[in-house]
2 protein chains.
Amino acid sequence: MIDAIDNQLLDILKNNSRLSFADLGRTINLSPSSVRERVQKMEDLGVIQKYGIQIDNRKLGYDLEAFILLKVFPGQLANILKIIKDFPEIKEAHRITGNQNIHLKVVVKNQTALQELLDRLMIHGDTNTFLILSEI
Amino acid sequence: MIDAIDNQLLDILKNNSRLSFADLGRTINLSPSSVRERVQKMEDLGVIQKYGIQIDNRKLGYDLEAFILLKVFPGQLANILKIIKDFPEIKEAHRITGNQNIHLKVVVKNQTALQELLDRLMIHGDTNTFLILSEI
DNA sequence: GGTGAAAACACTCACAT
DNA sequence: ATGTGAGTGTTTTCACC
C-alpha cells in the first residue's frame, strides 16, 4: 500500500513539508499531479497525520525543557488524563510501561516556572524530572 | 522581536504548516506579503527551525515505540554521540541531567527489533526502557 | 497508477504608503 | 511595518492513456 516512492516522499517531507508538489515531483521525477495523488492518499490513510513546524523554544524565551516521568497515585489516572491538555507547558504526553505510568515533555521559561509546574503535578503523582541539556 | 501576530502565525503553523501565505493572511487579516515577511523573519531568526510532518509509524508497520534512558559507561560518551545518527531506529536523542545521561525515542517494527537495538546499545551503557502505550 | 492541459489561485518582487 | 500590482509559477480538476 505504501511503496518505495511514497517512502521517498515521506523522507523529503520530513525535512521540508512546505515543498510544492511540483518541487517534490522534480526531485523524484514524477508529475505534480501524481505527487499530489500519492500525498493525498497518505493523508487519507492517516500515514501523514499532520504538517507541523519545529520551533526553537529558547529563542522564544522558554529556556528550560525537561522530561518528567509521573507515577500517578492510585485512582488519579483518569483524572490526570483529562487535565493534561490544560497544561500549556506540556508539549507531549505518553502512557508508558514500567514503574511510572506517564511520560511528559515540558517547555517552560525558567526554574521558577518548572517548580510551579511540578507543584501542580505532585498533587496527582510522584514526579521524576530530567532536564534537557541539548539535542543530539 | 516576536510579537502577538507572530505567535498567532506560529500557533497556526504548528497544526498545519502547509497553509499558503494567502490562507494564513485570511485567518489573521493580513496581506500575503506581510505574512510572508513575518514568516521569513522567523525562519531567519531560527525561531522556525524546520517544516516537518507527523507520521503514524504503526500504519507503516513500525508497531513498537519506546523511550530509552541510557547511562553511558565511563569514556564511552564521545563515542556514543558520534554513532547515534547511524541508528535509523533512533528518532530523537537528548542529553539530560540525572543518573542517566541520554534520553532516546526509538521506533521499531517489533519486539525482536527492539531487542536487537538494545543489544547494540548495551555495549555503550546501561539501558532503561519504557514502551510507549499511547499518546495522550 | 500515470499524464497533460487549462482555469483558478498563490508566490515573489519592486514600489508606494 | 504593511499594502498593491504585474509577472511567473503552482495547484487543482478532469479527460485520457
Side-chain angles (χ1 to χ4, degrees), chain A residues 1-63 88 91 107-110, chain B residues 1-63 88-89 91 107-110 113:
Chain A
M1 208 144 210
I2 301 295
D3 64 11
I5 296 174
D6 291 329
N7 272 308
Q8 261 186 296
L9 288 172
L10 288 176
D11 269 344
I12 300 170
L13 288 170
K14 268 182 217 166
N15 289 308
N16 188 357
S17 63
R18 272 190 79 90
L19 288 175
S20 68
F21 296 135
D23 272 334
L24 291 168
R26 274 187 279 273
T27 56
I28 64 169
N29 290 314
L30 214 62
S31 73
S33 10
S34 296
V35 173
R36 180 179 139 63
E37 205 178 348
R38 282 173 177 275
V39 171
Q40 207 159 64
K41 175 192 67 183
M42 293 194 281
E43 291 173 4
D44 294 344
L45 287 174
V47 173
I48 296 175
Q49 295 177 312
K50 193 165 118 175
Y51 298 91
I53 52 176
Q54 272 190 28
I55 292 178
D56 186 337
N57 290 296
R58 285 171 163 89
K59 294 222 164 100
L60 291 178
Y62 291 82
D63 288 333
K91 302 302 177 188
V107 176
V108 291
K109 280 192 188 293
N110 48 40
Chain B
M1 208 143 210
I2 301 296
D3 64 11
I5 296 174
D6 291 329
N7 273 308
Q8 261 186 293
L9 287 172
L10 288 176
D11 269 343
I12 299 170
L13 288 170
K14 268 181 217 167
N15 290 307
N16 188 356
S17 63
R18 271 190 79 90
L19 287 176
S20 69
F21 295 136
D23 272 335
L24 291 168
R26 273 188 279 272
T27 57
I28 64 168
N29 291 314
L30 213 63
S31 73
S33 22
S34 297
V35 172
R36 179 181 138 64
E37 206 178 346
R38 282 172 177 275
V39 171
Q40 206 159 64
K41 177 192 66 185
M42 292 194 283
E43 290 173 4
D44 294 343
L45 287 173
V47 172
I48 296 175
Q49 295 179 312
K50 192 165 119 175
Y51 298 91
I53 53 175
Q54 272 189 28
I55 291 178
D56 186 338
N57 291 296
R58 285 171 163 88
K59 294 223 164 101
L60 291 178
Y62 291 82
D63 288 333
E89 305 95 334
K91 303 302 178 187
V107 176
V108 292
K109 281 193 188 291
N110 48 41

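Proteins get letters first, then strands, A, B, ... in listed order; numbering begins at 1 in each.
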Scoring nucleotides 3-17 of chain D by protein non-hydrogen atoms under 4.0 Å (B base, S sugar-phosphate only, - none) yields BB-----SSSB----
Sequence neighbours excluded, the answer for side-chain hydrogen bond (donor to acceptor under 3.5 Å, both in side chains) partners of A:N29 is none
Separation between CD1 (A:I48) and CG (A:L9), nearest 0.5 Å, reads 8.0 Å
Q.
When you compare the side chain of A:Q8 with that of A:T27, does any pair of heavy atoms fall below 4.5 Å?
A. no
Any donor-acceptor pair under 3.5 Å linking the side chain of B:R26 with the backbone of B:S31?
no
Note: chain B reaches DNA chain C at heavy-atom distances under 4.0 Å over the stretch, first to last nt, 5' to 3', of C:dA10 to C:dC13
By salt bridge (charged side-chain N to carboxylate O under 4.0 Å, His left out), A:K59 pairs with (sequence neighbours left out) A:D56
For DNA chain C, the expected dot-bracket line (Watson-Crick or G-U under 3.5 Å, [ ] crossing, | inter-strand) is |.|||||||||||||||
Query raised in the report: Going by heavy atoms in the side chains, are A:Q40 and A:F21 under 4.5 Å from each other?
Result: no
One should read off an interatomic distance between A:D63 CG and A:K109 NZ, to the nearest 0.5 angstrom, of 8.5 Å
Between the CG atom in B:D6 and the NZ atom in B:K41, the distance rounded to the nearest 0.5 Å is 3.5 Å
The reported gap from CD1 in A:I53 to CZ in B:R18 (rounded to nearest 0.5 angstrom) is 15.0 Å
So, with a heavy-atom separation below 4.0 Å from DNA chain D, the residues of residues 1-17 of chain A are none
Does B:D11 form a salt bridge (charged side-chain N to carboxylate O under 4.0 Å, His left out) with B:K14? I'd like the steps, not just the answer.
CA-CA 5 Å; B:D11 269 343; B:K14 268 181 217 167; 3.2 Å; yes
CG of A:N57 to CD of B:Q49, rounded to nearest 0.5 Å, is 8.0 Å
In this structure, CG of A:L60 is separated from CD1 of A:I55 (nearest 0.5 Å) by 6.5 Å
